[in-house]
Amino acid sequence: MSGTMRSVCVLTSGGDSQGMNAALRGVARASLSAGVKVFAVWDGYKGLVEGVMSELSWLDCSNMVAAGGTKYGTARCAQFRTEEGRRAAVVNLVKANAGALVVIGGDGSLTGASILASEWDDHVQKAVANGELPQDFAAAAELHVVGLVGSIDNDMFGTHFTIGCVSALHRIVEAVDAIRATAASHSRTFVVEVMGRNCGWLALMAGLATQADFVFIPESPPSPCTSTSVPTVSTTTGELLESWAATLVAKLARVEGKRWSVVIVSEGAHDCKMEPITAARIKEVIEAELGHDTRITKLGHVQRGGKPAAFDRYMSTNLGIAAFDALAGYAAAGPPAPEPVYFGCSDASVYPVALHPAVAATRNVHDLVAAGKYDDAMVARGAEYPQLFRMLRTLLRSDPHDRSAHALPDYRVAIMHVGAPAPGMNAAVATLTRIFLDAGVSDVVGIHNGFEGLAKGKTCPLTWAHVREWVPEGGAKLGTTRTLPADLAPAGTPPDKALEWLIPHLSAFNALVIIGGFEAASILVDLADAAPRLWPHLSGMLIPATISNNVPCTQYSIGTDTALNAIVEACDRVKQSAYSSAHRVFVVEVMGARCGFLATMAGLAAGAEKVYTHERGISAAAILADVKDFCARFTASTESNTPRSALVITANAASETYTTPMMCALYEAESDGIFSVRASVLGYLQQGGSPTPLDRIRGIELAAASAARILELRDSTDTAFLVCGTSESAVIFSDMSSLDGSMDRANRRPRCQWWDDLATRNISITSAETEPHPDFAPGFAPVTSAGPSAP
Ligand SMILES: Nc1ncnc2c1ncn2[C@@H]1O[C@H](COP(=O)(O)OP(=O)(O)OP(=O)(O)O)[C@@H](O)[C@H]1O
Ligand SMILES: O=P(O)(O)OC[C@H]1O[C@](O)(CO)[C@@H](O)[C@@H]1O
C-alpha cells in the first residue's frame, strides 16, 4: 500500500431520507466514471467505526435511484461521538486507502464529519503511535470531506432543499388530501402531526399546499392573544385558555358550507414559554370549545418512507456528482485541504456551502427560539421562510381583512388561462384572488375558457369563499383553451387589426393576469405591444403554467413537476415489467414536443438508458448505434445469465421522421432477435392529476408575487407587462422584451434552456456504462488497496 489515500468512501447517516440512494449512486458512478475506487460504508458512522464497507461496481448502483430508504443503511452511532470511536473510523478509512469521504446526513452527521476532518492528522499520528496503523502511515495524505444534506426536515442553513424534504412533503400532502375526504364526510376536524423536531418547514409547506386551517411551527410560537374579539376564557370550564387555543377556536368556528377542518402541527411545536403544543391538547381544546368531532393522525415515519419524488431523484444525483467533482478538484489541487463544504441546492442548481458556519447557524436557530428571538429564528431559516409564513396566514384566513377604508372600487383585475391545462393553475388563481381581495381590490374577475370566454362575456366574480378548496385541485377550474384573439377576430380582419375586437373587453380591466404556457407568452407579447395604443391603463402579467416547461424567463412553469412525477411513476412501473420480461426494450413517449425538459429530467429521475429529444436530434445512425450498444449489453448478459431490460424515453415530437412507432420498428428490426421492443405512449395522463406540492407552492408563490407587483403598479398608477418566473428557487420578473427575445417561436421553447448542462453531466451517470467515462480526468490516481468486505 502506497499510503496515498485515493479511494472515495460514502455513507448515509442520521434519519434516512428519500433520495439518499440517488445521491450515493451519483457519488459512486461519478467516481467509477473517473476510474476511482468507491466504497459504501454500511450503517453510517457505525460501519466506519467497525470497518464495514463494500466496494461498489457500476451495477451495484443499478435500480437505486427509485428506491426509498438507504440501501447501505443508516444509524445513529453513539460511539462516533467519542474520540476512540472516531479514531477507529480513521483507522478504517486509512485501511481502505480513502482520500475522500462523502457524508450524506443531517446536521448532526455533518457536524460529525467536520469534527472528523479537523481531527484527522491527530488521529493518524496517535493510531501510528499506538500501533493501530503501520509506521509508514504517519505521513498519510489528508482526508477530504464533503457533506450532502440528507434530512426530510429541511433544517440546514444555507440550502433551499435538503435531500428527501420534497418527498416527505409528498407523503404529507397525499395524506392530508386523503384525510380531507373522510373529514368532510363526517364533518370532522383532524389534527395532523408532522415531523420536524426543531424545524417547521414541513408543517408550513404542507399547510400552504393543502390549505389547512391552522399551522403550528416551532420557530414562531403563537404570540399572546390581544384581540378582544377572540375568547380568552374557556366557554366550557371558564378557565383562561392558552393564547394559541383562543386564536385556534376563533379560526375553526365553522363558516357556512365548511364541513371539515385540518390543523397541522409540527412535532416540535410549542408556545412562547416552550410548553409543547401537542396534537392531544389541540384536540382537547377543539372538542371542548367547538364541539367538533376531532381525530388525530400522526404521520410518523410514513413521511420518511416511500419512493423519492422526481426532484429528489435528479437533484440528489446531481448533488452526488457535485460532491465527487469537488473532491476530484481538491485532489488535483493538492494540500492544504480546503475548509470542508457541503453541497446544497436550489431547485435548479447545486452549490458549495462552508460546512462549519452552516452547522453553527443551523444549531443557532434552536437557541434563538429558546431565547424568544422568534423573528430572528424565522429569518435564520432563510429570507423566504417568514414571507411564506405571513402568506400562509393571509391565505388561510376565514375572510379577508376589512380594507373598506382603502379599497379602490374602480380597480378591476381579470384572471384567465390560455393553453393546455397544467396542475397548479387553480392554486395560482386562488392565491391571486385572495391576495387581491385581502388588499381591498373590489373586482377580481375570472374569465372562463380563455379568450373564447372573454369574447362571449363568460366571466364570474371570484370571491374568498369561491376559491376555498381550489389549491389541491388538478386541471383548470376556470377552463382553458389554446384559442388566440386572432382566431376569434371577424373573418377577413387583417393581422395588424386582430386584437381590436378585444378593445371593449379589456378596457373594463386595470390588470390582466394570464396563467398559461407558450401561447399565453406569445399573446402577452402582442398585448404589451398594443396596450399603449389600445388600453393605456392596462397592466399584464404572465404566470407560466405548462407541463412542458417551455416558457422562457422562468426555470420552472407551474404543472411541470406534476407531469414529471406522473412520468417517473409510470416509468417505474414500466421498468418493473421490463425486469420481469427479460430482454426487452421499453420505449416511453412523453409530452413536451420540441422541448426536451420532461424527457430529459424523466430520463434522469427514472434511470433511462437512452433519451431522445429534439434539441439533441435523432438520426438513423444514432438509433442504429444505440441498438448495437443494447445488443452488445443484452448478449453479454445472456452469457452471464443475468436478465436484461432497458428503458428508453423519447419526447413526442423529437423528430418528424423518427416517430415513436418508427423508432420502435427500427429498434426491433435491427435487434437481430436479441431483444423485443414495446412502446408506451403516456399521453394525457401527464396533464392530469392532483398537483404535486412543488406545483402548488410554485402556483402560490408566483401568484402572490404577481399580485403584490400589480398592487404596487396600482399604487403608483403605473402600468407594465411582465412575466413572473422562478430563478434559483426565487421569484423574478422579466419584461416583455426579454420574453420576446428569449422565445424560439419555431420550436416553441426558450432559446437557452438552463437544464441542458445539468443533464449532460448527469446522463453519463444514468446510462449503463461499464467502462470509465473518457470525458472525466480528475486528480485521483488509480487506487491500489482493497477495502474491507461487506457484512
Ligand atoms: N457532535 C457530534 N460529534 C460527533 N458525531 C456526531 C455529532 N453529532 C452527530 N454525530 C454523529 O452523527 C449521527 C447522526 O446524527 P443525528 O442523530 O443528530 O442525525 P442527523 O444527522 O442530524 O440527521 P436527522 O436530521 O435525520 O436527525 C450521530 O448518531 C453521531 O454518530
Ligand atoms: O427515526 P427517529 O430516530 O425516531 O427520528 C425521528 C426524527 O428524525 C427526523 O425524521 C429527521 O431529523 C425528524 O423529523 C424526527 O423527529
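Quantities reported herein were computed from a predicted structural model and do not represent experimental measurements. Atoms within a ligand are numbered from 1 in the order they appear, just like the ligands themselves.
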If we number the atoms of ligand 2 from 1 as shown, the ones under 4.0 Å from a heavy atom of Gly196 are 14 (O)
For the [atom1] atom on [X], are there more than 12 heavy atoms of other groups (residues, nucleotides or ligands in this structure) within a distance under 6.0 Å?
X: His366; atom1: NE2; value: no
X: Lys298; atom1: NZ; value: no
X: Asp367; atom1: CG; value: yes

Out of [options], whose heavy atom sits nearest [atom]?
atom: atom 3 (N) of ligand 1; options: Asp153, Ile152, Asp155, Ile115; answer: Ile115
atom: atom 30 (C) of ligand 1; options: Cys77, Ala75, Ser17, Gly164; answer: Cys77
atom: atom 19 (O) of ligand 1; options: Arg81, Met195, Met156, Arg76; answer: Arg76

Between [Y] and [X], do the side chains contain a donor N or O and an acceptor N or O under 3.5 Å apart?
X: Glu219; Y: Tyr385; value: yes
X: Ser316; Y: Arg25; value: no
X: Thr362; Y: Asp107; value: no

Numbering as shown, the atoms of ligand 1 that approach [X] to under 4.0 Å (heavy-atom distance):
X: Gly106; result: 20 (P), 21 (O), 22 (O), 23 (O), 25 (O)
X: Gly112; result: 4 (C), 5 (N), 6 (C)
X: Tyr45; result: 11 (C), 12 (O), 31 (O)

Is Glu174 salt-bridged to Arg171, going by a charged N under 4.0 Å from an acidic O?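 Looking at Arg171 together with Glu174, the answer is yes, because their closest N to O distance falls below 4.0 Å.
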Inspect the contact between Arg281 and Glu284 and indicate whether a charged nitrogen and a carboxylate oxygen are less than 4.0 angstrom apart. yes
At under 4.0 Å between heavy atoms, is it the side chain or the backbone of Gln303 that contacts ligand 2, or both, or neither?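 It is neither part, as no heavy atom is under 4.0 Å.
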Residue among Leu148, Leu56, Thr317, Val38 satisfying side chain to side chain contact (heavy atoms under 4.5 Å, CB included) with Leu24: Leu56
Minimum-distance protein heavy atom relative to [atom]:
atom: atom 4 (O) of ligand 2; value: His301 NE2, 3.4 Å
atom: atom 21 (O) of ligand 1; value: Ser109 OG, 2.4 Å
atom: atom 15 (C) of ligand 2; value: Glu267 OE2, 3.2 Å
atom: atom 27 (O) of ligand 1; value: Arg197 NH2, 2.5 Å
atom: atom 12 (O) of ligand 2; value: Asp153 OD2, 2.9 Å
atom: atom 26 (O) of ligand 1; value: Gly15 N, 2.8 Å
atom: atom 5 (O) of ligand 2; value: Arg76 NH2, 3.1 Å
atom: atom 10 (N) of ligand 1; value: Gly108 O, 3.4 Å
atom: atom 13 (C) of ligand 1; value: Ser13 OG, 3.7 Å
atom: atom 9 (C) of ligand 2; value: Arg304 NH1, 3.4 Å

Which part of Ser151 is near ligand 1, with near meaning a heavy atom under 4.0 Å away: side chain, backbone, both or neither?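 The part of Ser151 near ligand 1 is the side chain, not the backbone.
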Below a 4.0 angstrom heavy-atom separation, can you tell me which part of Thr111, side chain or backbone, both or neither, approaches ligand 1? side chain
Decide yes or no on side chain to side chain donor-acceptor pair (under 3.5 Å) for Ser690 and Arg696, but give the supporting numbers first. CA-CA 9 Å; Ser690 180; Arg696 297 182 196 192; 2.9 Å; yes
Taking the side chain as every heavy atom from C-beta outward, state whether Val90 and Val124 have any atom pair closer than 4.5 Å.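 Yes, side chains in contact.
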Side chains of Arg197 and Glu267: does their closest heavy-atom pair fall under 4.5 Å?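 Yes, at least one pair of side-chain atoms sits under 4.5 Å.
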Taken to the nearest 0.5 Å, the spacing of Met315 CE from Phe161 CZ works out to 8.5 Å
Does any N or O of ligand 1 fall below 3.5 Å from an N or O anywhere on Asp107, backbone included?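 Among all N and O atoms of Asp107, at least one is under 3.5 Å from an N or O of ligand 1.
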Does ligand 1 have an atom that lies less than 4.0 angstrom from a heavy atom of Gln79? no
